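Here is the structure we will look at.
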Amino acid sequence: MHEPFRDPEIPLHDRIADLSRRLTLEEKVGLLHQYQAPVDRLGVAAFRTGTEALHGLAWSGPATVFPQAVGLASTWDPELVRRVGEATADEVLAFHHKDPTGAGRNVWAPVVNPLRDPRWGRNEEGYSEDPWLTGLMAAAYASGLRGSDPHVLKTAPTLKHFLAYNNETDRCVTSSNVPPRVLHEYELPAFRPAIEQGAAVAVMPSYNLVNGRPAHLSPLIGEVLRAWAPDDILVVSDAYAPGNLVTLQGFHADPAEAYAHAIKAGLDSFTQDDDRAEATLGHIREALRRGLLTEDDVDAAVRHLLSIRFRLGEFDPATPYDHVTEEVVNCPRHQELAREAARRSFVLLENDGLLPLRDVTTVAVIGQLGDTLMEDWYSGTLPYAVTARAGLAERCATVFCEGVDRVTMTAEAGHVAADPAGGPLSLGAEPGRFDVFDWGGGAYALRAAATGRFVSVDDGVLVNDQPGPNGWEVRQTFRMEERPRGAVALRHISTGCYVGVAGDGTLRLVDDADQALWLVLDVVRSGAEQAAELAATADAAIVVVGDHPLVNGRETEDRSTLALAPAQDAVVRAVLAANPRTVMVISSGYPLTWAASGVPAVLWSAHGGQEYGHALAEVLLGDAEPGGRLTQTWYRSEQELPDLLDYDIITADATYMYFRGIPRYPFGHGLGYTDFGYSGLAVACDGETVRAEVTVTNTGPREGVEVVQFYTHQQRSRVKQPLRRLRGFEKVRLAPGESRTVRLDLPVRELACWDVTSGRFVVERAPHRLMVGRSATDLRVAARFEVDGETIPPRRGLLRAVDHDEYDAITFTASDRERGEAVTADTEGAWILFRQVDLGGAASCLAVLGSTEGGMITLRIGDPLYGKPIATFPVPRTGRYDLHAIAASLAAARGVHDLYVVFENEGVTLSQIDFGAGT
């Protein structure tokens with residue numbers, strides 16, 4: 001007779017409890033690592049978390065590669081995104097059935113961090129700068145990964161990365177300053193739908209700290225994430241993040257203390273030291289021995305872990321997915337889906353009528369991305385690659401060139417030459433020729449013309465044996481630093497070392513800049529001139545430009561600029577001058593800027609996967625409508641962006657919701673091959689639902705797709721409100737002259753904002769404006785409606801420092817190790833503002849504060865510099881998490897006032913002020 005935990009007829013909770021009771025404490029501890037130990041005596045197999053599946057199965061060999069996540073989102077089609085997730089899950093299962101140890105069924109996707117700043121190195125991994133749209137797409141993709149069976153998971157999707165994570169620069173030590181409104185209105189909403197719907201069943205915390213506390217120790221894991229979930233969720237650490245709690249972050253003194261805190265905070269699985277679990281398990285055992293953890297704490301984590309394994313059907317006699325075999329991998333159905341996803345992700349940014357192309361016999365395909373497809377860090381291995389050149393060549397005659405400069409490199413002691421066998425570069429009598437690929441941001445790759453292989457570094461020696469930039473540590477990119485007399489020194493980006501020369505003439509890396517080899521680069525063939533000559537021979541020119549996903553911005557590396565690589569920009573200008581029928585096709589994982597002006601047609605997509613070239617040809621030649629729309633703002637320059645580490649989008653006027661400038665292309669932008677008109681907007685609010693309808697008409701000459709977008713703006717509020725916020729959309733396909741009524745039903749509760757005075761969402765009594773159109777700024781019709789909500793009263797009593805309304809020179813920090821937040825002054829004269837405080841005639845108040853150096857804070861009415869002081873608090877010298885309560889008398893100040901708390905000294909930390917304590 002089987003054990004009860006193997007009986008699928010028994011309730012899940014009871015099955016988990018039965019197995020857990022059978023495990024010893026040591027066996028339960030063995031489950032807390034990414035590589036879970038088997039329990040042979042019970043027939044429980046080993047289990048591994050973490051298979052990458054962001055836009056197809058990754059890191060496991062050839063599998064269907066779909067467009068990058070930001071490209072999938074640009075389809076504005078959740079059902080399509082769900083189908084891509086479903087196909088990806090099928091391929092995960094196929095690999096798992098073939099090799100259970102090589103591909104686990106806990107998949108680490110999707111990424112749901114809102115794309116707050118396009119300079120983030122991982123921009124291509126996310127969906128949108130809008131949290132609602134991000135949540136919608138994440139839930140769709142996770143739903144596909146999860147599968148349709150109500151009881152058995154196909155795979156176990158994991159949301160990444162919780163929380164407020166948009167910088168690679170010092171990502172393990174920076175703390176994201178997240179005020180309560182930004183937390184509740186922007187960061188958390190992206191995670192909620194997939195968890196609440198049960199589509200995602202796991203979460204991965206992020207490397208960074210949030211308001212001074214490591215994200216892996218966030219109390220929000222238990223208080224918010226698990227409260228949303230209909231079932232147990234699994235929380236897995238990011239790779240090597242647990243160790244950071246002691247080393248880089250210094251939040252705890254030793255691993256046992258840190259790991260105990262992590263488990264108590266909600267972490268269930270430690271991704272640490274790859275498959276070497278013993279050190280991690282030893283720290284957990286030590287925490288148990290010292291009483292930092294109890295067996296009940298371990299049991300809670302084990303329940304979460306086992307819940308996922310049971311729901312995957314591991315302990316069932318059979319599952320609905322046992323029939324999936326490797327025949328599904330890159331099958332024709334998935335190839336067609338990849339083509340559909342790529343086709344529908346294209347966004348037409350500009351078009352003066354050139355597209356769709358007509359009357360073309362010969363097309364010039366130009367650019368260093370014209371005949372190649374890129375894999376990013378989280379993509380699968382391409383089973384085949386239909387490039388732009390290949391896709392167009394199936395439809396018309398093509399001519400091609402990469403448009404890159406070919407150069408010789410000469411030093412005083414000779415010319416740089418490449419080994420024909422791909423070995424070391426050396427100085428010799430005969431010059432070698434090298435093609436220079438400009439990837440922007442000062443990053444260049446060099447390809448030896450004689451071998452067609454790229455220059456790389458192997459054990460400090462320059463060789464030419466690589467197909468292109470690749471790997472976690474990219475060793476094929478260099479910077480060119482100017483030297484006198486027109487020379488340059490090559491600096492290896494990965495190591496920071498310079499290219500020098502050994503005694504035998506071999507080129508190798510040197511640490512000292514003074515030992516760098518001075519090289520003169522002579523252009524023997526201009527890429528821009530070659531491109532222009534070729535373009536002049538064709539009926540139309542397609543210049544394919546963009547980024548390399550592993551260069552100048554990726555995981556571990558943010559971008560310093562949004563500018564297109566200068567050499568690529570120059571090719572566009574040269575081609576346009578030679579052939580006015582020029583289309584610039586951008587393939588990139590993030591928004592770009594460029595200097596070329598007057599380009600008649602500009603088409604963008606993220607890196608589009610294996611079927612990119614077929615999809616591109618269909619859109620260019622008019623077989624398909626460019627139905628994609630931007631999911632983030634394209635700025636005119638990175639100068640329009642706040643500091644990369646400024647997470648307060650409200651104060652910084654960031655994202656399309658608050659940005660006051662005129663972007664190059666707004667959120668939601670995308671043109672088509674026909675035109676649409678909007679009319680007859682009607683809006684009504686019954687107190688529970690805002691109902692709107694609008695008539696959309698195809699006023700152009702051909703059938704087309706329109707993404708009808710609904711936005712709202714609250715016109716009166718206690719707080720700063722978004723200028724516009726996406727509330728819904730619908731994709732419609734209309735024939736010429738056809739009209740359709742598009743409707744929106746918006747629950748009034750969705751209009752709520754987070755009220756810092758009460759710590760909850762509040763719908764205010766206020767007029768609103770509903771706007772409908774083609775993008776966040778191309779809004780064709782609008783109407784006003786009233787919401788009969790609350791009027792937020794003045795504050796009274798206790799004021800939490802983090803619940804201020806405005807601030808200057810303030811950092812959010814942890815007030816203690818476990819939970820609680822405070823603010824710390826970055827400089828003397830820093831302040832926080834509480835609007836409309838009813839002082840109620842209190843004679844004194846109590847502040848909880850401290851500083852390692854001591855100091856003073858002052859309460860002022862009306863102005864931080866000249867306002868009337870009503871109380872002064874001496875700040876005691878305290879430890880980091882040892883704040884003290886200090887009482888102070890209040891000057892007479894009856895009534896309601898705007899209250900400034902002014903920090904007279906840098907480093908002073910304040911947790912709260914209580915005006916009720918002294919009455």
Side-chain angles (χ1 to χ4, degrees), residues 33-36 46-72 84-111 121-122 124-126 141-142 144-145 154-161 168 202 204 207 236-241 269-276 312 324 326 328-330 334 338 373-385 466-476 548-551 554-557 589 606-610:
H33 191 267
Q34 178 187 18
Y35 288 81
Q36 297 177 27
F47 185 88
R48 179 176 69 84
T49 65
T51 295
E52 300 295 351
L54 183 61
H55 54 108
L57 174 64
W59 302 6
S60 299
T64 308
V65 178
F66 298 96
Q68 292 174 314
V70 70
L72 292 175
V84 171
E86 185 176 52
T88 298
D90 284 340
E91 300 199 6
V92 170
L93 274 176
F95 274 79
H96 176 75
H97 289 159
K98 183 179 180 181
D99 178 11
T101 62
R105 291 171 64 192
N106 168 234
V107 293
W108 287 357
V111 171
R122 305 179 73 168
E124 72 277 1
E125 296 183 34
Y141 191 70
L145 290 172
K154 183 179 286 189
T155 67
T158 303
L159 301 186
K160 298 162 62 175
H161 312 80
E168 300 305 292
M204 176 189 288
Y207 283 116
V236 301
S237 84
D238 209 336
Y240 283 76
S269 177
F270 288 75
T271 312
Q272 183 74 35
D273 301 325
D274 300 320
D275 60 352
R276 302 180 302 277
L312 285 167
V324 178
E326 59 185 312
V328 77
V329 177
N330 192 39
H334 290 181
L373 292 185
M374 302 295 184
E375 295 173 0
D376 61 55
W377 181 245
Y378 288 104
S379 72
T381 302
L382 288 162
Y384 61 86
Q466 293 296 307
N470 64 85
W472 175 254
E473 184 181 355
V474 177
R475 295 178 172 271
Q476 298 82 34
H548 192 300
L550 300 180
V551 178
R554 47 158 290 173
E555 185 172 358
T556 73
E557 181 183 1
H607 293 280
Q610 62 198 52

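Because only heavy atoms are used, hydrogens play no part in the values below, and waters and symmetry mates are left out as well, while side chains stay in. Computed from a predicted model, the values in this text were never measured in an experiment.
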### Message
Please check: side-chain N/O of Tyr141 versus main-chain N/O of Leu72, any donor-acceptor pairing under 3.5 Å?
### Response
no
### Message
Under the rule for ring pair (Phe, Tyr, Trp, His ring centres under 6.0 Å), what residues qualify as partners of His161, not counting sequence neighbours?
### Response
Tyr165
### Message
Looking at every non-hydrogen atom in both residues, tell me the closest pair between Gly144 and Ala89 and how far apart they are.
### Response
O-CB, 3.9 Å
## Note on the structure
Output for pair (Thr49 OG1, Gln34 CD), nearest 0.5 Å, gives 4.0 Å
### Task
Look at Lys160 together with Glu52 and state whether they make a salt bridge at an N to O cut-off of under 4.0 Å.
yes
### Query
Between atom OG of Ser60 and atom NZ of Lys98, what is the distance when rounded to the nearest 0.5 Å?
10.5 Å
### Query
Do Lys154 and Asp90 come within less than 4.5 Å of each other through their side chains, counting heavy atoms only?
yes
### Message
Between His97 and Val324 (side chain of the first, backbone of the second, donor and acceptor by atom type, cut-off under 3.5 Å), is there such a pair?
### Response
yes
### Message
By the ring pair (Phe, Tyr, Trp, His ring centres under 6.0 Å) test, which pairs, at least two apart or in different chains, include something from residues 47-66?
### Response
Trp59-Trp377, Trp59-Tyr378
### Message
Between the side chains of Arg122 and Glu124, is the shortest nitrogen-to-carboxylate-oxygen separation below 4.0 Å, so that they form an ion pair?
### Response
no
### Task
Not counting sequence neighbours, which residues clear side chain to side chain contact (heavy atoms under 4.5 Å, CB included) with Ala63? List them please.
Leu57, Glu91, Phe95, Val329
### Message
Keeping Arg105 on the side-chain end and Leu312 on the backbone end, is there a donor-acceptor pair under 3.5 Å?
### Response
yes
### Query
Do the side-chain N and O atoms of Thr101 and Asp99 include a donor-acceptor pair separated by under 3.5 angstrom?
yes
### Message
Could you measure the distance from the CD atom of Glu557 to the CG atom of Leu550? Nearest 0.5 Å is fine.
### Response
10.0 Å
### Summary
Here the pair of heavy atoms bringing Pro469 nearest to Val551 is CB-CG2, 3.7 Å
### Query
Among all residues two or more places apart in sequence or in another chain, which pass the side chain to side chain donor-acceptor pair (under 3.5 Å) test with Gln466?
Asn470
### Residue pair His334 / Thr64: nearest heavy atoms and the distance that separates them
CB-OG1, 3.6 Å
#### Entry: Distance, nearest 0.5 Å, that separates CG of Asp376 from CZ of Arg554
9.5 Å
### Query
In Å and rounded to the nearest 0.5 Å, what is the CG to OG1 distance from Asn106 to Thr158?
4.0 Å
### Task
Could you note down all residue pairs passing salt bridge (charged side-chain N to carboxylate O under 4.0 Å, His left out) where residues 54-71 supplies at least one of them, sequence neighbours left out?
none
### Task
Could you tell me which residues satisfy side chain to side chain donor-acceptor pair (under 3.5 Å) with Tyr384, sequence neighbours excluded, listed by chain and number?
Gln610, Glu611
### Task
Measure across Pro67 and Gly608 and return the closest heavy-atom pair with its distance rounded to 0.1 Å.
CG-O, 3.6 Å
### Query
Can you tell if the side chain of Pro549 reaches within under 4.5 Å of the side chain of Glu375, non-hydrogen atoms only?
no
### Task
Could you tell me which non-hydrogen atom of Ala109 sits nearest to which non-hydrogen atom of Ala53, and how far apart they are?
CB-O, 3.4 Å
### Task
Say whether, by atom type as modelled, one donor and one acceptor occur between the side chain of His607 and the main chain of Met374 under 3.5 angstrom.
no
## Note on the structure
Between the CD atom in Gln272 and the CG atom in Asp238, the distance rounded to the nearest 0.5 Å is 11.0 Å
### Message
Between Tyr35 and Thr271 (side chain of the first, backbone of the second, donor and acceptor by atom type, cut-off under 3.5 Å), is there such a pair?
### Response
no
### Task
Give a yes or no on whether the backbone of Ala103 and the side-chain of Thr51 come within a donor-acceptor separation of less than 3.5 Å.
no
### Task
May I ask you to test the Val474-His548 pair for a side-chain heavy-atom distance under 4.5 Å?
no
### For Ala338 against Val65, the heavy-atom pair lying closest together
CB-O, 4.1 Å
### Query
Can you tell if the side chain of Met204 reaches within under 4.5 Å of the side chain of Leu159, non-hydrogen atoms only?
no
### Residues Arg48, Asp275: salt bridge by 4.0 Å N-O rule
no
